[in-house]
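Notes follow the structure.
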Amino acid sequence: MRNLIEEKFVEFYESWIFQLEQHLHQLLIAHNNINTMSEIELRGLISKLTTHHKAYYTAKWAAIGEDVLAFFGPVWLNPLEKSCFWLTGWKPSMVFRMLDRLRKSWRPTVVLAEAQVKKLEELRVKTRYDEERIEREMERYQVAMADRKMVELARLGCHVGGVEGESAVLVEAAVKGLATRMEKMVKAADCVRLKTLKGILDVLAPPQCVEFLAATAAFQVQLRRWGNERHNVTHSYAS
């Protein structure tokens, strides 16, 4: 059964994805008219997308303060979307692979200059370093979860009738401590995601940004669409 936080985020995410589709439609129009649009118009579209992404993280961070565990098993995502998850979101280094594939299809008017390629490669290295740092922290967290004291506290919490008195205080303090560490890791991963996105957009020219944002939005929208269709088909066969 979903809790209140999950119910609210399901509603928020459905609305957020719907708005992302609207933004994608505008980006595709710009993509088809890239040579006739002014830089001001292109920057306006880019700003709308970045604001939309910031709104997601604002809502997410407010929710994880209430229930961080909900984001490690998000009920608002389908199995296909979850398969692409890295610490409750997209893996930052993934966008560089997407950018590499995208560059092969770019028109001469939007190809990257040598200086841009160098800056993006530097950002790729920095992003991978940040990912590895967070993954090491996640490993330390998993070791802490298996720590003997934590196991004993978990056993206390599993006794029939629950726990009372000092044991209850110990269990609650341990759970809160772990939740706080998880929240910090999620926010650290989100910060890498946001820094990577901003870093790429800072390097790219407006027409290139539009192409890149259209590709990433299309991927996210299609992933949800295909995942939902497959999920619905699977459930129809099961029933």
Side-chain angles (χ1 to χ4, degrees), residues 13 16-17 19-37 39 41-43 45-54 56-57 77-135 189-231:
Y13 194 73
W16 189 86
I17 279 288
Q19 291 174 49
L20 182 64
E21 289 191 62
Q22 308 309 304
H23 289 308
L24 174 58
H25 179 67
Q26 294 179 333
L27 286 169
L28 293 176
I29 292 175
H31 165 81
N32 293 328
N33 299 278
I34 203 77
N35 295 322
T36 60
M37 295 186 68
E39 182 173 328
E41 290 175 314
L42 295 178
R43 289 192 182 278
L45 281 176
I46 295 165
S47 179
K48 286 181 181 179
L49 258 293
T50 55
T51 298
H52 189 60
H53 284 291
K54 288 176 183 176
Y56 171 81
Y57 288 102
L77 298 181
N78 61 54
L80 185 58
E81 290 172 305
K82 291 177 185 178
S83 71
C84 297
F85 249 35
W86 176 83
L87 265 174
T88 76
W90 49 274
K91 193 167 188 177
S93 57
M94 179 190 72
V95 295
F96 291 98
R97 294 193 292 273
M98 185 179 295
L99 187 58
D100 288 340
R101 291 192 294 270
L102 184 61
R103 286 173 54 195
K104 295 177 182 178
S105 63
W106 273 357
R107 293 161 288 183
T109 53
V110 292
V111 294
L112 293 175
E114 186 176 338
Q116 289 178 302
V117 174
K118 182 179 179 180
K119 288 180 179 178
L120 287 172
E121 190 56 37
E122 291 172 352
L123 182 60
R124 187 199 302 259
V125 172
K126 176 67 167 58
T127 297
R128 186 58 195 144
Y129 172 82
D130 288 338
E131 285 180 347
E132 291 173 351
R133 174 176 53 79
I134 292 172
E135 286 167 354
D190 285 345
C191 283
V192 176
R193 283 185 265 269
L194 288 169
K195 284 196 301 182
T196 300
L197 181 60
K198 182 180 184 302
I200 290 175
L201 295 178
D202 285 346
V203 171
L204 300 181
Q208 297 166 336
C209 287
V210 168
E211 300 266 356
F212 170 71
L213 289 172
T216 56
F219 175 77
Q220 194 165 0
V221 168
Q222 285 295 96
L223 196 67
R224 185 162 187 80
R225 189 173 297 160
W226 292 334
N228 284 347
E229 289 174 357
R230 184 174 180 180
H231 186 65

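Not measured: the values here are computed from a predicted model. For this chain, numbers begin at 1 and follow the sequence in order.
Residues forming a side-chain contact (heavy atoms from CB on, under 4.5 Å) with F85 (at least two apart in sequence, or on another chain): P74, L77, T88. Contacts of E21 classified as side chain to side chain donor-acceptor pair (under 3.5 Å), with partners at least two apart in sequence or in another chain: R225. With sequence neighbours left out, T196 forms a side chain to side chain donor-acceptor pair (under 3.5 Å) with T127. E39 meets the salt bridge (Lys or Arg N to Asp or Glu O under 4.0 Å) test with R43; sequence neighbours excluded. Taking the salt bridge (Lys or Arg N to Asp or Glu O under 4.0 Å) definition, one finds that K91 meets it with E135, sequence neighbours left out. In terms of the side chain to side chain donor-acceptor pair (under 3.5 Å) criterion, H25 has no residue partners (sequence neighbours excluded). In terms of the side-chain contact (heavy atoms from CB on, under 4.5 Å) criterion, residue partners of K118 (sequence neighbours excluded) are, by chain and number, E122. Shown here are the side chain to side chain donor-acceptor pair (under 3.5 Å) partners of K126, two or more places apart in sequence or in another chain: D130. Residues satisfying the salt bridge (Lys or Arg N to Asp or Glu O under 4.0 Å) criterion with E41, sequence neighbours excluded, are absent altogether. The side-chain contact (heavy atoms from CB on, under 4.5 Å) test applied to A205 returns P207, Q208, not counting sequence neighbours.
The shortest heavy-atom contact between P92 and R193 is CG-CG, 3.8 Å. Here the shortest heavy-atom pairing between L27 and V210 reads O-CG1, 3.9 Å.
Listed by first and then second residue, the salt bridge (Lys or Arg N to Asp or Glu O under 4.0 Å) pairs involving residues 199-213 are R107-E211, K198-D202 (not counting sequence neighbours).
Considering CD1 of I17 and OH of Y13, their distance stands at 3.5 Å, rounded to 0.5 Å. If you take CG on L112 and CG on L204, they are separated by 6.0 Å, rounding to the nearest 0.5 Å. For the atom pair L80 CG and E229 CD, the distance stands at 10.5 Å (nearest 0.5 Å). In this structure, NE2 in H53 is found 6.0 Å from CG in L197, a value given to the nearest 0.5 Å. How far NE2 of H23 is from NE2 of H52: 5.0 Å, rounded to the nearest 0.5 Å.
Between P206 and I46 there is a side-chain heavy-atom pair separated by less than 4.5 Å. Using a 4.5 Å cut-off on side-chain heavy atoms (C-beta onward), L213 and L24 make no contact.
Between the side chain of T51 and the main chain of K48, no donor-acceptor pair closer than 3.5 Å is present.
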Kindly indicate, with the supporting measurements, whether the criterion side chain to side chain contact (heavy atoms under 4.5 Å, CB included) is fulfilled by R103 and V117.
CA-CA 11 Å; R103 286 173 54 195; V117 174; 3.8 Å; yes

Show the numbers, then the answer: is there a side chain to side chain contact (heavy atoms under 4.5 Å, CB included) between N78 and L223?
CA-CA 9 Å; N78 61 54; L223 196 67; 5.7 Å; no

Would you sort out whether L20 and L49 count as a side chain to side chain contact (heavy atoms under 4.5 Å, CB included), showing the intermediate values?
CA-CA 8 Å; L20 182 64; L49 258 293; 4.0 Å; yes

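Classified by interplanar angle (parallel below 30°, tilted 30° to 60°, perpendicular above 60°), the ring pair Y56/W16 is tilted.
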Donor-acceptor list for residues 93-101 side chains, cut-off 3.5 Å, not counting sequence neighbours:
unit_1 : atom_1 : unit_2 : atom_2 : d
S93    : OG     : E131   : OE1    : 3.1
S93    : OG     : E131   : OE2    : 3.0
D100   : OD1    : R124   : NH2    : 3.1
D100   : OD2    : R124   : NH1    : 3.3
D100   : OD2    : R124   : NH2    : 3.1

